[in-house]
Amino acid sequence: MMWLQTLLLLGLVGCLLDACSGHSSDDEIFWKKFLSRRHYQRVSEKRAAPTPAAGKVPKTRSAASKPAGGSDSALDCPPLGLETLKIDDFQLHASSMRHYGLGPHRGRLNIQGGLYEDDMYDGGWCAGRSDPLQWFEVDARRLMKFTGVVTQGRSSLWLSDWVSSYKVLLSNDSHSWVTLKNGSRDLIFSANREKEIPVLNLFPKPVVARYIRINPRSWYASGGICMRVEIMGCPMPDPNNYYRRRNEVTTTDNLDFRHHSYKEMRQLMKVVNEMCPKITRIYNIGKSYNGQKLYAIEISDNPGEHELGEPEFRYTAGSHGNEVLGRELLLLLMQFMCQEYLSGNTRIRRLVDETRIHLLPSINPDGYEKASEAGSELSGWSLGRWSQDGLDIHHNFPDLNSVLWEAEARRWVPRKFHNHHVPIPDWYRSTNATVAVETRALVSWMEKIPFVLGGNLQGGELVVTFPFDRTRSVTALREATPTADDHVFRWLAFSYASTHRLMTDGNRRVCHTDDFTKEDGTINGALWHTAAGSMNDFSYLHTNCFELSMYVGCDKFPHETELPEEWENNRESLLVFMEQVHRGIKGVVRDVQGKGIANAIISVEGINHDIRTASDGDYWRLLNPGEYRVTVRAEGFSVSSKVCAVGYDIGASSCDFVLGRSNLSRIREIMQKFNKQPISMRQRLRQRRLLDT
C-alpha cells in the first residue's frame with residue numbers, strides 16, 4: 001500500500017499547486033522573471049521592428065521528440081543543471097557502477113571522456129551489471145515539476161554503449177517510488193540509437209517530486225548500460241526556501257537575456273547603435289558560405305577612424321557555431337557598455353574614449369543555425385561546430401609555425417627571415433585552397449586593422465589558452481610550446497581567468513577530464529592538445545595582435561535561463577581583459593620632419609619577436625612591468641635605441657622615436673635626383689690609375 005500512499009501524495013501536491021496558483025512565492029516570481037525577460041525586444045517593438053509571435057518557445061525543438069499528449073508549456077522548464085554542474089556530484093546516485101571513472105557523477109549530458117579508457121574521467125555512467133534492475137537517480141533537493149529527460153550514450157573513442165529504452169520513477173523520500181504510467185501500464189520511453197545524438201522525451205504531464213530515477217530496460221546488444229543525462233523541470237514554490245540552490249547568482253543588469261537568431265542579433269545590434277550613435281558603428285567583414293553577413297560593432301569615441309595612439313582591441317565569438325555562450329556574451333557586452341556609457345560610468349567611459357573596440361559575435365552563423373534548430377539540450381557536442389562546407393574555422397588558418405620553425409632551424413632568422421609578420425604561403429591564397437570563406441574574411445580583417453590584443457570566446461570548458469597551439473615535435477600530442485612572449489601571454493590569460501567567478505575556484509568540479517584550476521585556470525594551448533593553423537598562432541605570427549582563447553563555460557549551448565548567471569561569471573573578466581590592451585609601451589615613430597614612419601620594426605632586447613608600426617607610425621607593444629631596451633629600424637633611416645620603463649598601473653608608457661635619414665639613403669636620393677648611377681670602388685680605382693699614367 002506504500003506505493004498508493006505515495007501516489008496520493010503526488011496528486012495532493014499537484015492539487016495544492018493549482019489551488020495556490022494565485023499566491024506567488026519568491027521562487028515562483030524568480031522563475032517567471034527568467035522566462036519573461038524581453039527588455040530589448042520591447043525596445044525593438046517601439047521602433048516598429050518585427051517581434052516573435054506570442055507564445056513562441058525560446059528554443060526550437062524537434063516535434064518528433066514530443067510525445068502524444070505532451071504540453072507545450074513543458075518546454076518552458078529549464079534543465080536542472082547536470083551539464084552546467086549546478087547539480088553537484090552528491091546529488092547523483094546509481095544502483096551500481098563499473099568503476100569510479102564511470103560512476104553516477106559522470107552521467108552528465110555532453111560530458112566528454114578522455115583519450116584513454118577506464119581512467120578517472122570516463123564519458124558517462126555505466127552500470128556494474130547489465131540487467132533491468134539498474135537505475136540512475138537525481139536528487140533535486142527540493143520539489144520540482146519534472147517535465148522530461150534527455151539522454152545520450154557513453155562518450156568514447158573506442159567503445160559503443162547506450163540505453164535504447166527506459167522507465168521513469170519518482171519519489172519524495174527516495175524509499176517509495178512511483179513509475180510513470182501510460183494508463184494502467186508502465187510507460188517505457190524510447191531512447192538512443194547511437195551514443196552521441198541527444199534524445200528528449202517529454203512526459204505526458206508534468207509530475208511533482210524531489211527524486212527522479214531512470215531505469216534502463218534495453219540497451220545496445222554489443223555494449224552495456226551507459227548513459228549521460230539531463231533532467232528538465234521547474235522548481236516548485238517553497239515558502240521556506242529551504243531547497244533554494246546554494247550560491248545562486250542573480251544580476252541587476254537590465255539586458256536582453258535570451259538566445260538570438262541571426263535576424264534578432266542584427267536587430268539587437270541596430271538597437272544598440274540607435275541608443276549610442278555617437279560611440280558605435282555597425283559594419284560587416286564579409287559573408288558566410290550561405291551568404292549571411294558577418295556583422296561587427298565598433299565601440300569608440302570616434303567610430304569609423306583609427307586615431308593616432310589609440311590601440312585597437314577585438315573580441316570574436318562563434319567560430320564554432322554550436323558554442324553559443326560566447327555569442328550571447330558579446331551581445332550582452334555591447335548592451336552593457338552602451339548603457340553604462342550613457343549613465344556616466346567612469347570606467348566604461350575611459351575604456352571607450354581611449355580604445356577602439358570591435359565585437360564580432362558570430363563568425364559562423366551558418367553553424368549556429370544548425371545548432372539552434374535542434375536547441376540547447378539537443379544540439380549535442382558537435383552539431384553546428386563546422387562551417388557549411390565542413391571546415392573548423394578556428395583551425396583553418398595557414399600553419400605559419402612550421403614556416404618560422406624551419407627558418408629558425410636553417411638559421412635564417414633574423415638576417416634572411418623575420419621573426420614576425422611571417423608571410424602567408426601563396427598556395428593558401430589560391431582559389432583552390434581548402435579555406436572557408438569565413439576564414440578568408442577574418443584574415444582580411446586582421447590584416448586591415450592594426451589590432452593589438454584580441455580574445456576569441458569558445459565553449460565547453462572553463463580555461464584560457466594562449467599560444468602556441470601547435471607542438472614543435474610532430475609526434476607529440478601534448479607538449480608545452482611557449483612563444484617568445486610567454487610571460488606576457490601568461491599574464492594576459494591570468495587577468496581573465498582570475499577575475500572569472502569560477503575558473504580559478506579550486507572547489508569547483510572539472511567540466512570533463514582536465515583540472516585547470518591547478519594552473520590558475522590557464523594553459524598553453526599545445527600543452528592541452530596540439531592543433532595546427534589556429535587563429536591564435538596566426539594572429540601572433542602574421543600580425544601585431546596577441547590573441548587568446550577564452551573557454552567561458554562547461555555548457556556550449558546553455559539554456560537561456562542560465563544566461564544571467566553566465567553573464568555575471570564573465571562580465572568582470574571581459575572588461576579586465578580589454579583593459580590589458582593599455583599595458584606595456586606605446587609611441588609614434590617619426591622622421592625629422594615629424595611625419596610618421598609606417599612599417600618600422602620595433603625590437604625589444606631579450607624577446608625574439610618584433611612588431612611593426614601602423615600606417616601613421618604609431619605602435620603598441622604589450623609588455624609586463626620592467627625596463628626594456630627598445631630598438632627601432634626602418635628602411636632608409638638610421639637605427640635608434642632607448643630604454644623604456646613599464647609600470648604596474650594600467651596605462652601604457654610613452655616611448656616615441658625620431659629617426660634621421662641614413663647616409664646610404666641620402667646618397668641614393670642625391671643620385672636619383674641628378675639621374676646618376678653609383679660608381680663602384682673598383683671603377684674609381686681604375687680611373688685614378690689612368691690619370692696617374
Side-chain angles (χ1 to χ4, degrees), residues 39-41 43-44 47 49 253-288 292-307 310-319 321 324-343 345 348-365 368 438 441-442 444-446 448-457 545 547 550 552 563 567 570-571 574-575 577-579 581:
H39 303 300
Y40 276 77
Q41 184 175 327
V43 174
S44 301
R47 289 168 170 75
D253 295 328
N254 187 24
L255 308 175
D256 189 16
F257 294 107
R258 63 188 177 102
H259 289 296
H260 297 79
S261 67
Y262 178 80
K263 184 177 181 180
E264 291 167 342
M265 177 191 73
R266 185 178 59 185
Q267 180 62 32
L268 176 60
M269 296 174 75
K270 183 179 179 182
V271 169
V272 172
N273 177 240
E274 291 177 356
M275 289 177 62
C276 298
K278 294 183 178 180
I279 63 167
T280 61
R281 177 180 70 98
I282 300 173
Y283 65 100
N284 73 82
I285 68 167
K287 293 183 178 180
S288 70
Q292 300 186 95
K293 292 182 179 179
L294 308 180
Y295 285 106
I297 191 166
E298 176 191 340
I299 303 176
S300 173
D301 61 339
N302 192 16
E305 295 184 20
H306 170 73
E307 297 182 67
E310 187 170 287
E312 308 258 359
F313 176 91
R314 69 168 179 256
Y315 269 134
T316 59
S319 58
V324 178
L325 179 55
R327 167 192 176 109
E328 296 303 329
L329 286 176
L330 291 192
L331 293 177
L332 292 168
L333 180 62
M334 63 180 70
Q335 298 172 54
F336 177 79
M337 295 192 70
C338 173
Q339 288 183 7
E340 294 301 303
Y341 188 90
L342 293 177
S343 67
N345 185 317
I348 299 301
R349 280 186 170 269
R350 185 185 307 112
L351 194 56
V352 172
D353 292 343
E354 298 177 359
T355 320
R356 192 180 181 206
I357 301 164
H358 303 258
L359 306 180
L360 177 57
S362 187
I363 294 174
N364 183 8
Y368 171 80
E438 295 90 346
L442 285 171
S444 177
W445 185 50
M446 295 161 73
K448 180 180 179 181
I449 299 176
F451 291 112
V452 179
L453 180 61
N456 52 82
L457 306 188
C545 185
E547 182 95 7
M550 291 79 177
V552 292
L563 293 180
W567 167 245
N570 288 275
R571 179 185 58 192
L574 291 166
L575 297 175
F577 186 74
M578 278 194 286
E579 292 170 337
V581 76

Please confirm whether the backbone N or O of [Y] pairs with a side-chain atom of [X], one donor and one acceptor, at under 3.5 Å?
| X | Y | answer |
| --- | --- | --- |
| D353 | D301 | no |
| E328 | H260 | yes |
| Q335 | D256 | yes |

As an exercise, state the distance from [atom1] of [X] to [atom2] of [Y], rounded to the nearest 0.5 Å.
| X | Y | atom1 | atom2 | result |
| --- | --- | --- | --- | --- |
| I297 | I279 | CD1 | CD1 | 8.5 Å |
| Y315 | L574 | OH | CG | 4.5 Å |
| L359 | L333 | CG | CG | 5.5 Å |
| R314 | I285 | CZ | CD1 | 9.5 Å |
| T316 | W445 | OG1 | CH2 | 6.5 Å |
| L360 | N284 | CG | CG | 10.0 Å |

- prompt: Does the side chain to side chain contact (heavy atoms under 4.5 Å, CB included) test come out yes or no for V324 and H259, once each step is laid out?
  reply: CA-CA 8 Å; V324 178; H259 289 296; 3.6 Å; yes

Show the nearest heavy-atom pair for residues [X] and [Y], with the distance to one decimal.
| X | Y | answer |
| --- | --- | --- |
| V581 | F313 | CB-CD1, 4.4 Å |
| C545 | G454 | SG-N, 3.6 Å |
| L342 | M275 | CD1-O, 3.7 Å |
| L575 | I348 | CD2-CD1, 3.9 Å |
| S300 | P303 | O-CD, 3.3 Å |
| A296 | M269 | C-CE, 3.7 Å |

Indicate yes or no: at least one non-hydrogen side-chain atom of [X] is less than 4.5 angstrom from one of [Y].
| X | Y | answer |
| --- | --- | --- |
| L457 | L325 | no |
| Q339 | N345 | no |
| L351 | M337 | yes |

task: Would you check, one step at a time, whether the test side chain to side chain contact (heavy atoms under 4.5 Å, CB included) holds for S288 with N364?
output: CA-CA 7 Å; S288 70; N364 183 8; over 6 Å; no

statement: Per side-chain hydrogen bond (donor to acceptor under 3.5 Å, both in side chains), S362 is matched among Q292, R327, R266, K293 by R327

- prompt: What's the verdict on side chain to side chain donor-acceptor pair (under 3.5 Å) for E547 and N456, showing C-alpha distance, side-chain angles and the deciding distance?
  reply: CA-CA 8 Å; E547 182 95 7; N456 52 82; 2.9 Å; yes

query: Which one of E310, E298, E305, E307 satisfies the salt bridge (charged side-chain N to carboxylate O under 4.0 Å, His left out) criterion with R356?
result: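 Of the listed options, the one satisfying the test is E298.
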
query: Step by step, would you call H358 with Y283 a side chain to side chain donor-acceptor pair (under 3.5 Å)?
result: CA-CA 10 Å; H358 303 258; Y283 65 100; 2.7 Å; yes

Ring geometry between Y295 and Y262 (parallel below 30°, tilted from 30 to 60°, perpendicular above 60°): tilted

